[in-house]
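By convention in this document, chain letters (A, B, ...) are assigned in the order of the sequence lines, proteins followed by strands, and residues within each chain are numbered from 1.
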Amino acid sequence: MKARTAPEAATAETPSDVDGLDHVRRDRLKKLSRIRELGIDPYPYSYHKTHTVGDVLERFDQLKDAQKKVRLAGRLMSLRLMGKAAFAHLQDEDKRLQIYVRRDVIGEPGWSLFLLLDIGDIVGVAGLLFKTRTEERTLEVAELQLLTKNLRPLPAVKEKDDKTWYGWDAQEERYRNRTIDLILNSNSRKMLLRRSRLVSFIRNFLDERGYVEVETPILQPIYGGANARPFTTYHHTYDRELYLRIADELYLKRLIAGGIPRVYEIGKDFRNEGIDRFHSPEFTMLECYHAYENYDYYMDLLEELLSLLAKDPSISATKRWEERQIDMSPPYERITMAQLIREHSRIDITNRDRNELALEIKKKLKRVEPHWGIGKLIDELFTKEVEPKLIQPTFVKDYPVETSPLAKRHPDNPALVERFELFVGGGEIANAFSELNDPIDQLRRFEDLLKLREQGDEEAPPIDRDFIEALEIGMPPTAGLGIGIDRLAMLLTGGSSIREVTMFPVLKPKE
RNA sequence: GGGGGUGUAGCUCAGGUGGUAGAGCACCGCCCUUUUAAGGCGAUGGUCGCAGGUUCGAAUCCUGCCACCCUCACCA
């Protein structure tokens, strides 16, 4: 591998000066050329470190007293030049260590290189450890190597006590530029790691219980399994429209009918709807299904899963919900929707006439549309009157059949289905039911949805004949569960918006 | 869609009642060998969101538009 010496960098294409930093970038390109003129490759191929910054901080006294040379690599996060010496901070992974560079220690060639460095450069340093007058743990640099030159300056960040000064519009830019955000913001790094641990924990949990992880189509000829407007796309070879899935449900149940008794999928769903801090057009969903069980099984499983997640400090930011006095230890209350509505709004929704109930609900809600069916009326009432009050983990059971077209009817009351949702902190975390496996009933309910669709309800899905066929072949009694991973991550980490727990959220285009 | 707010240097912001644009930080140069929001001195940087209008004169007053933020509504 021959060294590249051509200093073409200074004339390299320059992006339009959108952020007004062109002169800074030009200056750095000049430094890059000068570094090359010194015979130094600003983008070398590897660097072997003996420790991480974390190691050094953990065993500092021991390493210092042993006068052991340590070799570290990381990004320069601050730089204070004082004539013939300088202090800087080196950051690797999640930790920072101060380094001290002295002209007479590092020598003339090293010092010339050092003067061409900027905040944001990635360097390798080697030397002995010491403590400054103010007791800050520091590495005195004997050898310096540039590992990657930074051309696009990091926003200036200054910290003192608990205050932080950012040289950028942090709120907006954090989501737009996650690279910089991750470098600058340890909370973002922690969030990423917590979420990663959360997903792998769930995988292990289900794998241990005999579940098989599968992948079902994202591009679908017919969408279904939820009420939502889909994204539409187009495939050239087949000259046909395809939809991005809004749920995994129908395909997974076809696998259950095919004799796979326990399946799950963790993947993206796409819904072409409004965006706010709880809704993103693409989001991560867990769906799992267990043959020969009903919804009681998933209450037990969820109770176990959630309490384990809550206890794991690498996943949960416990303090965030303890402040709200949420107790995640089981058992969780299991209560019917009708009972909750009775308690919170003194309305009895059982076996009621639609119009009569509508009148009563109208008194409670600001807005009631005349075309709403009984299911929608009850749902609105519950959402407004009860949901925000469900702070402690609560299983809400037995929903009206109208709003649950894929769930099995309750054996004691055909107007209800065996369905529950788990609410924590005033928000929905999970949704589960005993799956409807009667193909005749299922077809009838699809047809009801189709009527809504013909009346202009864009969210009502079309009839999925392949799914009906699978039910006719026969799907055993089955329980199913869905968990919105983003919202679960928000709950566990105390994140205030779905954008915070999503590395690259869908954002409005700039300008 | 309703209500409220904000647009001035790369960033954060100041510019009563109209007189022709300022600070701190960042960036650049010089000085400085235990600093840490390092310090000191100096320099660069602006179509004052856009378009009209009033005026001898507009960042400032008027009208319209645009963008962003907050909030309410909608989003099983």
Has the side chain of A:R103 got a donor or acceptor atom sitting under 3.5 Å from an opposite partner on the base of B:U33?
no
May I ask you to evaluate whether A:K31 reaches the phosphate of B:C27, defined as a side-chain N or O under 4.0 Å from OP1 or OP2?
no
In whole angstroms, the gap separating P of B:A38 from CE of A:M77 amounts to 13 Å
Okay, side chain of A:E435, backbone of A:G480: is any donor-acceptor separation there less than 3.5 Å?
yes
Starting at NZ of A:K30 and ending at C1' of B:C27, how long is that distance when rounded to a whole Å?
12 Å
Ring centres under 6.0 angstrom apart (A:F423, A:F382):
yes
For the side chain of A:R133 and the base of B:U34, is some donor closer than 3.5 Å to an acceptor across the two?
no
With a 4.0 Å cut-off on heavy atoms, is A:F278 in touch with a base, just the backbone sugar-phosphate, or nothing at all?
nothing
Taking the six-membered ring for Trp, are A:F395 and A:F420 ring centroids under 6.0 Å apart?
yes
Could you state the CG-P distance from A:N177 to B:C11, rounded to the nearest angstrom?
14 Å
How many Å lie between CG on A:L81 and P on B:C27, as a whole number?
12 Å
Provide the distance between the two P atoms, one in B:U8 and one in B:G2, to the nearest whole Å.
25 Å
Under a 3.5 Å limit on both distances, the Watson-Crick or wobble mate of B:G1 is B:C72
Between A:A88 and A:G83, the residue closer to the 5' end of RNA chain B by nearest nucleotide is A:G83
When the P atoms of B:C56 and B:C13 are compared, how many Å lie between them, rounded to an integer?
37 Å
Would you check if there is a donor-acceptor pair between the side chains of A:H51 and A:E58 at a distance under 3.5 Å?
no
Counting only side-chain heavy atoms from C-beta out, which of B:U33, B:C28, B:C27 sits nearest to A:M82?
B:U33
Inter-nucleotide C1' distance (B:G22, B:G15), Å rounded:
7 Å
Without hydrogens or angle criteria, can the side chains of A:E418 and A:S434 be said to hold a donor-acceptor pair below 3.5 Å?
yes
Provide the distance between the two P atoms, one in B:U54 and one in B:A58, to the nearest whole Å.
11 Å
May I ask you to say whether A:E380 pairs ionically with A:K376, meaning some side-chain N is under 4.0 Å from a carboxylate O?
yes
Distance check, P atoms only: B:G10 and B:G49, in whole angstrom units.
13 Å
Collect all protein-nucleotide pairs involving nucleotides 74-76 of chain B in which both atoms are nitrogen or oxygen and the distance is under 3.5 Å.
unit_1, atom_1, unit_2, atom_2, d
B:C74, OP1, A:R367, NH1, 2.9
B:C75, OP1, A:K376, NZ, 3.4
B:C75, O3', A:E459, OE2, 3.4
B:C75, O2', A:E273, OE1, 3.2
B:C75, N3, A:D276, OD2, 3.3
B:A76, O3', A:D379, OD2, 2.8
B:A76, O2', A:D379, OD1, 3.4
B:A76, O2', A:D379, OD2, 3.0
B:A76, N6, A:R271, NH1, 3.1
B:A76, N1, A:R271, NH1, 3.3

Could you check which nucleotide pairs with B:A43 in any of the strands shown, counting Watson-Crick or G-U wobble with both distances under 3.5 Å?
none
Rounding to a whole Å, what distance do you find between A:F87:CZ and B:U34:C1'?
4 Å
Taking the same atom, P, in B:U44 and in B:G29, what whole-Å distance lies between them?
15 Å
For the pair made of OH in A:Y100 and P in B:U33, what is the distance, rounded to whole Å?
9 Å
What is the pairing partner of B:A51, taking Watson-Crick or G-U wobble pairs with both distances under 3.5 Å in any strand?
B:U63
Integer angstrom distance from the C1' of B:G45 to that of B:A9
6 Å
According to the Watson-Crick and G-U wobble definitions, with both distances under 3.5 Å, which nucleotide is paired to B:A37?
none
Could you check whether A:S188 and A:D181, counting side-chain N and O atoms only, form a donor-acceptor pair closer than 3.5 Å?
yes
Looking only at side chains, do A:T138 and A:Q98 share a donor and an acceptor under 3.5 Å apart?
yes
Inter-nucleotide P distance (B:U60, B:C48), Å rounded
10 Å
Using a distance-only test with no angle check, is there a side-chain donor-acceptor pair under 3.5 angstrom linking A:R96 and A:Q91?
yes
Whole angstrom value for the distance that separates C1' of B:U34 from CG of A:L129:
15 Å
Quiz question: going by heavy-atom distance under 3.5 Å, is there a donor-acceptor pair between the base of B:U34 and the side chain of A:E136?
no
Could you tell me the separation between the CZ atom of A:R26 and the P atom of B:U44, rounded to a whole number of Å?
17 Å
